[in-house]
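I have placed the structure first, in the form of structure tokens, so that the comments after it can refer back to it.
Computed from a predicted model, the values in this text were never measured in an experiment.
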Amino acid sequence: PNTKARPMQPASKNLPTPDFSYNPKTDLVAGIRPYRKVSFRLEAETVAEKFVVHNYGHGGGGITLALGCAHEVRDIVRASGRASAATPVAVLGGGIMGLTAATVLREMGLKVSIYAEALTVTTSDIAGGQWSPSFVEFGQTLSDKARFERILRRAFRGYVALIGKGFGVSRRPNFAWRETSGFRKVPTDLIPAPTKLARLPFKGHIGPGLRYETLLVEPQIFLPRLRRDLHNAGVAMHKRTFSAPSHVAALHEPIVINCTGLGSRRIWRDDQLVPIKGQLIMLPAQPRLQYLYSGHRGYIFPRRDHVVVGGTLEHDVDDDTPDPRMCAEIIRLHKVAFAGRLAMLRWALPGWLYQDYD
């Protein structure tokens with residue numbers, strides 16, 4: 001695991017400071033993460049003679065794990081002995097889990113169709129995009145941990161292979177105030193142990209910090225590219241809502257890949273699955289910012305379309321209406337940090353702010 005920082009480096013020149021100006025009427029969004037207690041669900045079962053592979057409940061690690069989980073789904077389908085050339089497969093869900101699974105299964109030569117309540121604007125489209133397995137459970141057994149590490153390796157290497165190919169994947173440094181739980185889960189041959197910094201290289205920062213080397217996967221580029229490629233390959237996409245296993249059983253495809261995220265609460269009555277709401281402020285794009293930042297309570301992810309600022313966890317909240325008050329507080333805390341008024345951050349902070357900032 002990624003637990004031991006490398007030797008401390010001296011202070012360096014400041015990197016550009018973000019412009020935190022935003023319009024509260026147009027620049028706020030909220031995403032609902034599909035968090036599953038104990039572990040995300042990646043397993044097969046038979047439902048009315050259909051072979052169903054479940055792939056959901058990844059919380060805040062959906063983009064991070066997606067490519068790895070897609071290959072695990074492929075392995076399960078292959079091992080079932082039910083798939084041969086042009087076997088029809090239904091993928092349920094139009095977010096990143098469904099799109100990556102559909103991509104990998106189509107590459108197997110299967111006849112893939114996607115069924116989803118939303119085919120464009122999904123939770124994945126709202127996500128920040130840093131590669132870090134944050135806020136995801138994966139079980140406690142040695143087998144669980146070995147599978148999780150295998151998924152991380154497959155996902156990371158899959159994303160690296162897409163750098164420079166129009167998928168919106170790039171290498172980025174993440175400057176953090178302290179060690180983060182997400183990176184602690186990652187083998188150091190993927191994300192090296194962080195470099196200790198005598199001072200974070202930003203205006204107003206006087207204390208030490210860490211520099212991680214990770215990836216940024218920009219959803220506004222990655223997801224449309226997958227959808228376009230699938231469409232061009234002849235994958236049919238149907239808008240469909242499922243409310244019970246019987247609705248899934250009515251599909252004509254003999255193999256079904258369930259990537260419905262929070263929809264699995266309704267379809268499969270999974271009481272381990274809970275919504276976790278996150279507020280985001282979508283600042284205007286700022287091309288000079290080429291780093292990720294994990295601050296006192298929140299994060300900054302500069303992308304080509306926006307600079308994404310976030311930092312909230314609201315458990316068991318499934319209303320995706322953004323809260324202007326919470327968003328204003330996130331921005332205030334970041335302004336305080338970059339203004340150098342660090343003593344102000346010792347004030348009592350609202351409980352909905354992240355205890356970690358993955």
Check your understanding: Heavy atoms, side chains only, cut-off 4.5 Å: are Pro18 and Leu289 in contact?
Key -> yes
Check your understanding: Does one side chain, of Gln130 or Asn174, offer a donor that lies under 3.5 Å from an acceptor on the other?
Key -> yes
Practice item. Answer yes when Arg157 and Asp189 have at least one side-chain N-carboxylate O distance shorter than 4.0 Å, and no when they do not. Key: yes
Exercise for review: Verify the cluster assignment for Leu313 and Leu262: are they in a single hydrophobic cluster under the rule of side-chain heavy atoms below 4.5 Å apart?
Suggested key: no
Exercise for review: Look at the aromatic rings of Phe135 and Tyr35 and report parallel, tilted or perpendicular, splitting at 30° and 60°.
Suggested key: parallel
Check your understanding: Can you check whether Leu292 reaches Tyr212 side chain to side chain, under 4.5 Å on heavy atoms?
Key -> no
Review point. Side chain to side chain contact (heavy atoms under 4.5 Å, CB included) between Phe242 and Asn258: does it pass, once the steps are laid out?
Key: CA-CA 11 Å; Phe242 299 90; Asn258 172 39; over 6 Å; no
Review point. Relative to the ring of Phe40, is the ring of His58 parallel (under 30°), tilted (30 to 60°) or perpendicular (over 60°)?
Key: parallel
Point to revise | Distance-only side-chain donor-acceptor flag, Asp229 / Thr103, under 3.5 Å | key: no
Exercise for review: Please list, chain by chain and in numerical order, all residues satisfying ring pair (Phe, Tyr, Trp, His ring centres under 6.0 Å) with Phe138, sequence neighbours excluded.
Suggested key: Phe148
Review point. With a 4.0 Å cut-off, would you call Arg150 and Asp75 a salt bridge?
Key: no
Exercise for review: For residues Tyr291 and Tyr293, establish whether the separation of their ring centroids is below 6.0 Å.
Suggested key: no
Point to revise | Electrostatic pair Glu149:Arg153 at N-O distance under 4.0 angstrom | key: yes
Review point. What about Leu99 and Ile76, same hydrophobic cluster or not, with Ile/Leu/Val/Met/Phe/Trp/Tyr joined at side-chain heavy-atom distances under 4.5 Å?
Key: yes
Review point. If we only count heavy atoms from C-beta on, is the Trp177 to Ser294 side-chain gap below 4.5 Å?
Key: no
Point to revise | Contacts of Tyr56 that satisfy ring pair (Phe, Tyr, Trp, His ring centres under 6.0 Å) - sequence neighbours left out | key: His54
Can you give me every donor-acceptor pair (side chain of residues 105-124, partner residue at least two apart or in another chain, under 3.5 Å) with its distance?
from: Tyr115; atom 1: OH; to: Glu253; atom 2: OE1; distance (Å): 3.4
from: Tyr115; atom 1: OH; to: Glu253; atom 2: OE2; distance (Å): 2.8
from: Thr122; atom 1: OG1; to: Ser124; atom 2: N; distance (Å): 3.2
from: Thr122; atom 1: OG1; to: Asp125; atom 2: N; distance (Å): 3.4
from: Thr122; atom 1: OG1; to: Asp125; atom 2: OD2; distance (Å): 2.6
from: Thr123; atom 1: OG1; to: Ile32; atom 2: O; distance (Å): 3.4
from: Ser124; atom 1: OG; to: Ile96; atom 2: N; distance (Å): 3.0

